[in-house]
Amino acid sequence: MTGGTKVISVAITGAAGQIGYSLIPMLLQREVFGRGVKVRLKLLEIPQSVSNLKGLVMELEDSGFGTIDSIEVGSDPNVIFQDIDWAILVGAVARHPGMERKDLLETNARIFYEQGRALDQVAKKNVKVLVVGNPANTNCLITLRNAPSIPVGNFFALTRLDQNRAQFQLANKAGRHLDEVKNVIVWGNHSTTQVPDFTQATIGGEGVEAFIDRDWLEGEFFQSVAERGGAVLKARKRSSALSAAWAITDCVEDLIRPNGVFSAGMYTRGNRFGWDEDLVFSMPLRSVERDGKLVQEVVDMGEFDPFIAEKIRASEEELVEERKAVFEYLK
Ligand code: NAD
Ligand code: LMR
């Protein structure tokens with residue numbers, strides 16, 4: 001608090017990149033950290049991009065956001081992550097057309113190894129960490145494994161973009177408004193093996209199969225959601241940025257306010273599904289208050305549909321393979 005106003009310290013990495021350019025104004029404008037809460041922005045970039053970042057800072061200053069408390073920029077995570085409440089880890093190399101996200105593993109793993117270590121050393125112990133840089137699930141695993149002093153329940157990988165994409169596809173196909181689509185779950189990896197689960201989803205309170213043919217759901221729907229990132233990349237020649245920023249903002253909101261079921265990657269230790277216990281896996285979560293603190297619990301969605309169960313296994317196997325590839329970065 002400064003003078004009665006709540007201030008929250010938020011680190012954003014890769015802030016000079018294309019997601020950063022949409023994300024930072026969006027976070028401020030949507031007041032996701034609470035109405036009237038001021039944000040101490042701590043922006044991290046590689047040294048070569050700090051000058052670019054200073055340009056963004058000038059633009060933020062010139063836009064007159066009332067929600068900014070202060071802005072700090074730098075290239076040392078041990079400085080920028082000092083005492084932060086939130087870390088939004090966007091900074092990483094993005095894929096080019098023709099690549100899969102896992103092709104970025106080798107390039108990006110070190111970033112998350114170093115940033116995990118820095119979080120462990122200097123961030124608040126109750127910091128919440130949202131990993132966006134791809135491949136997001138495995139980068140999140142690297143980060144949390146290198147930050148053992150921070151509870152594993154505070155780490156998340158972004159799959160809210162996949163949820164938003166799936167919701168749009170269902171609303172569009174059924175010819176209904178987006179707001180009517182509920183309970184779309186994304187299981188597994190943020191990759192083409194992801195599992196956009198339509199079997200729990202409802203439109204206007206009724207199961208989606210009352211409106212949409214099962215063949216389309218298992219075929220075109222699955223494929224279009226799983227490959228949407230690639231389709232955006234092919235069309236723009238750059239990966240999604242505006243929709244990614246929107247999904248990050250949605251996810252932060254989901255984590256800050258009890259707001260129904262949402263999907264995000266979380267650590268699988270102690271999971272009740274029988275999955276490998278050392279992965280970051282997208283699953284249905286709900287934010288709930290416990291002992292005066294907001295925590296995320298996994299929502300029980302009942303038995304898996306056999307088609308969905310088989311797809312989940314394939315996504316799990318892919319994540320196990322990704323983990324093998326970054327073995328040297330796991331503490
Ligand atoms: P970009 O290339 O426009 O920006 C990335 C920024 O990160 C650059 O400014 C770069 O200098 C910076 N950076 C690189 N290494 C860094 C480090 N060690 N510390 C701090 N900053 C660093 O890319 P973008 O479009 O903003 O995407 C960023 C990442 O997010 C990519 O990996 C992309 O694949 C991923 N992404 C994930 C999702 C998701 O849903 N999980 C969605 C969209 C994009
Ligand atoms: C997306 O889903 O749009 C991002 O993960 C970027 C990408 O490489 O597809």
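In this chain, residues are counted from 1 in sequence order. Every number for a ligand or one of its atoms is a count from 1 in the order of the listing. These values consider heavy atoms only, across backbone and side chains, with no hydrogens, waters or symmetry-generated copies.
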- Among Glu45, Arg160, Glu114, whose heavy atom sits nearest atom 13 (N) of ligand 1? Glu45
- Message: Is there a salt bridge (Lys or Arg N to Asp or Glu O under 4.0 Å) between Arg214 and Glu218? Walk through the geometry before answering.
- Response: CA-CA 6 Å; Arg214 175 97 189 191; Glu218 288 188 10; 2.8 Å; yes
- Message: To check your reading of the model: name the closest protein heavy atom to atom 1 (C) of ligand 2, its residue, and the distance in Å.
- Response: Arg165 NH2, 3.4 Å
- With Ser315 as partner, the option from Thr192, Thr193, Asn137 fulfilling side-chain hydrogen bond (donor to acceptor under 3.5 Å, both in side chains) is Thr193
- Note on the structure: Closest to atom 2 (O) of ligand 2 (heavy atoms only, candidates Arg228, Glu227, Arg101) is Arg101
- Message: With respect to Asn134, determine whether any N or O atom, backbone or side chain, lies less than 3.5 Å from an N or O atom of ligand 1.
- Response: yes
- What is the nearest protein non-hydrogen atom to atom 4 (O) of ligand 1, stated with its residue, atom name and distance? Gly17 CA, 3.2 Å
- What pairs with Tyr113 under ring pair (Phe, Tyr, Trp, His ring centres under 6.0 Å), at least two apart in sequence or on another chain? Tyr329
- Task: Check each atom of ligand 1 against the heavy atoms of Ala244 and keep those under 4.0 Å away; list them by number with element.
- Result: 42 (C), 43 (C)
- Query: Can you list the ligand 2 atoms lying under 4.0 Å from a non-hydrogen atom of Ser239?
  - Reply: 6 (C)
- Task: Please examine the side chains of Ile84 and Lys42, heavy atoms only from C-beta on, and report whether any two atoms are closer than 4.5 Å.
- Result: yes
- Taking atom 18 (N) of ligand 1 as the reference point, the nearest protein heavy atom with its distance: Ile111 CG2, 3.6 Å
- Query: Of all the atoms in ligand 1, which lie at a distance below 4.0 Å from a heavy atom belonging to Gly133?
  - Reply: 29 (C), 30 (O), 32 (O), 35 (C)
- Task: Pick, from Val132, Leu161, Leu89, the option with the minimum heavy-atom distance to atom 41 (N) of ligand 1.
- Result: Val132
- Task: Return yes when Gln115 approaches ligand 1 closer than 4.0 angstrom through a heavy atom, no otherwise.
- Result: yes
- Message: Quick check on the hydrophobic clustering: are Met26 and Val32 connected, directly or via other members, by side-chain heavy-atom contacts under 4.5 Å?
- Response: no
- For ligand 2, does Lys234 get within less than 4.0 Å through its side chain, its backbone, both, or neither, judged by non-hydrogen atoms? neither
- Do the ring centers of Phe156 and Phe262 come within less than 6.0 Å of each other? no
- Query: Quick one: does Met99 get within less than 4.0 Å of ligand 2, heavy atoms only?
  - Reply: no
- Cation-pi geometry met for Arg160 and Trp246 (6.0 Å, 45°): no
- Is there a heavy atom in Asn134 that sits closer than 4.0 Å to ligand 2? yes
- Message: Looking at Glu297 and Arg290, is any side-chain nitrogen of the basic one under 4.0 Å from a carboxylate oxygen of the acidic one?
- Response: yes
- Got a salt bridge between Asp162 and Arg165, using NZ or NE/NH1/NH2 to carboxylate O under 4.0 Å? yes
- May I ask you to identify the nearest protein heavy atom to atom 23 (O) of ligand 1, giving residue, atom name and distance to one decimal place in Å? Ala94 CB, 3.9 Å
- Message: So if I count the atoms of ligand 2 from 1 in the order they appear, which ones are less than 4.0 Å from some heavy atom of Gly229?
- Response: 1 (C), 2 (O), 3 (O), 9 (O)
- Note on the structure: atom 3 (O) of ligand 1: closest protein heavy atom, distance to 0.1 Å, is Gln18 N, 2.9 Å
- Item | Pair Gln200-Lys182, side-chain donor/acceptor within less than 3.5 Å | no
- Task: Could you tell me which atoms of ligand 1, counted from 1 in the order shown, lie closer than 4.0 angstrom to a heavy atom of Ala16?
- Result: 9 (O)
- Message: Side chain or backbone, does Ala136 bring an N or O within less than 3.5 Å of an N or O on ligand 1?
- Response: no
- Message: Is Ala241 close enough to touch ligand 1? Criterion: a residue heavy atom under 4.0 Å from a ligand atom.
- Response: no
- In the protein, which heavy atom is nearest to atom 27 (O) of ligand 1, and how far is it? Ile19 CD1, 3.5 Å
- Task: With heavy atoms only and a cut-off of under 4.0 Å, state how Asn52 meets ligand 1: side chain, backbone, both or neither.
- Result: neither
- Item | Per-atom contacts of ligand 2 with Arg95, taking only distances under 4.0 Å to non-hydrogen atoms | 7 (C), 8 (O), 9 (O)
- Message: What I want to find out is whether Glu253 reaches Arg257 closely enough, with some N-O distance under 4.0 Å, to be called a salt bridge.
- Response: yes
- Item | Passing candidate, ring-ring contact (aromatic ring centres under 6.0 Å, His included) with Trp187, options Phe281, Phe273, Phe198 | Phe273
- Ignoring hydrogens and angles, state whether a donor on the side chain of Glu318 or Asn189 is under 3.5 Å from an acceptor on the partner side chain. yes
- Item | Nearest neighbour in protein (non-hydrogen) for atom 16 (C) of ligand 1 | Ile46 CG2, 3.4 Å
- Message: Suppose we measure from atom 21 (N) of ligand 1 to each protein heavy atom; which comes out shortest, and what is that distance?
- Response: Gly14 N, 3.3 Å
- Task: Using heavy-atom distances, let me know which of Met99, Arg95, His190, Arg238 sits nearest atom 39 (C) of ligand 1.
- Result: His190
- For atom 5 (C) of ligand 1, the option (of Ser49, Ser75, Pro47, Ala92) bearing the nearest heavy atom: Ala92
- Side chains of Val131 and Leu158: closer than 4.5 Å at any heavy-atom pair? no
- Task: Anything under 30° is parallel, anything over 60° is perpendicular, the rest tilted; go ahead and classify Phe221 against Trp216.
- Result: tilted
- Go through Glu114 and Arg110 one step at a time and tell me if the salt bridge (Lys or Arg N to Asp or Glu O under 4.0 Å) criterion holds. CA-CA 6 Å; Glu114 283 168 358; Arg110 174 158 282 280; 3.1 Å; yes
- Query: Any idea which atoms of ligand 2 are less than 4.0 Å away from a heavy-atom of His190?
  - Reply: 1 (C), 2 (O), 4 (C), 5 (O)
- Message: Quick test: of every protein heavy atom, which one is nearest to atom 29 (C) of ligand 1, and how far off is it to 0.1 Å?
- Response: Val90 O, 3.2 Å
- Are Arg236 and Gln18 close enough that a side-chain donor and a side-chain acceptor fall under 3.5 Å? yes
